[in-house]
Amino acid sequence: MTSASGTGGSASAPAPAAPATGRIRLLAAAAAVVTVGSGLGLRAVAAGSVAKYGGDALYTVLLVALVVLVAPRWTPLRAAGTALAASWAVELLQLSSLPAELSRHSVAARLVLGSTFNAPDLFWYVVGAAGGWLLHTAMVAERRPAAPAGR
């Protein structure tokens, strides 16, 4: 039964998780937009290895943000691990001729799949996954309520 104040009979009913999930999704969407902007900005101001490997790391950061957007309740480690696995899978797919062939016909395919395998990219995907993990961990820690004093 609900009392006049609008609370139920229990002393401390758990709050619904929807606002926290919505907030995480909003932050993940914002992180994805910022990551794409960062990648475009990096390409505009840098060249060579900095642009290439920075872009590789940002690619995986973007994947972490997209994983969190789709699965906001996943742990930071699971989200970063999934993004890293996807990055590696795309890179290893480049050992075949499929991405190169698709890239010849589509700018979107070139941006998402790349065209040629480059072993150092695998390391930079780890860097991006670690950065995404750190950001997601900070985001999750920020939303946790502080423990009551004296407990």
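In this structure, OG in S115 is found 9.0 Å from CZ in R104, a value given to the nearest 0.5 Å. Distance check: R78 CZ to H136 NE2 gives 11.5 Å after rounding to the nearest 0.5 Å. The CG atom of L63 sits 12.0 Å away from the CG atom of L69 when rounded to the nearest 0.5 Å. With rounding to the nearest 0.5 Å, the separation of CG in L84 from CH2 in W133 is 14.0 Å.
Between P76 and V140, the closest heavy-atom pair is CG-CG2, 4.1 Å. When all heavy atoms of A46 and V50 are compared, the closest pair comes out as CB-CG1, 3.8 Å. Nearest heavy-atom pair, M139 versus I24, reported as atom, atom and distance to 0.1 Å: CG-CD1, 4.0 Å. Summarising the geometry of L66 relative to A32, their closest heavy-atom pair is CD2-CB, 4.3 Å, with the distance given to 0.1 Å. For W88 against L122, the heavy-atom pair with the smallest separation is NE1-O, 3.1 Å. Heavy atoms only, all atoms of each residue included: A65 and A28 are closest at O-CB, 3.5 Å.
Taking the six-membered ring where the residue is Trp, Y125 and Y59 present tilted rings, their angle falling between 30° and 60°.
Under the rule for a side chain to side chain donor-acceptor pair (under 3.5 Å), Q94 has no partner lying at least two apart in sequence or in another chain.
Grouping the Ile, Leu, Val, Met, Phe, Trp and Tyr side chains by contacts below 4.5 angstrom, directly or via other members, places V45 apart from L40. Hydrophobic cluster membership differs between V107 and L58, with clusters built from Ile, Leu, Val, Met, Phe, Trp and Tyr side chains linked at under 4.5 angstrom. Hydrophobic clustering (side-chain heavy atoms under 4.5 Å, transitive across Ile, Leu, Val, Met, Phe, Trp, Tyr) groups L92 together with L98. Linking ILVMFWY side-chain heavy atoms closer than 4.5 Å, directly or via other members, places L134 and L77 in a single hydrophobic cluster. V61 and V127 are assigned to two separate hydrophobic clusters, defined by single-linkage of ILVMFWY side chains at heavy-atom distances under 4.5 Å.
Distance alone, capped at 3.5 Å, is enough to place a donor-acceptor pair between the S96 side chain and the L93 backbone. Put simply, the side chain of W74 never gets that close to the backbone of V68: no donor and acceptor are under 3.5 Å apart.
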Check step by step if side chain to side chain contact (heavy atoms under 4.5 Å, CB included) holds for Y53 and N118.
CA-CA 11 Å; Y53 296 124; N118 184 31; 3.3 Å; yes
Going through the distances and angles, do L113 and L102 end up as a side chain to side chain contact (heavy atoms under 4.5 Å, CB included)?
CA-CA 8 Å; L113 300 176; L102 292 173; 3.8 Å; yes
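Exactly one of D121, T82, T60, D56 qualifies for a side chain to side chain donor-acceptor pair (under 3.5 Å) with S87. That residue is T60.
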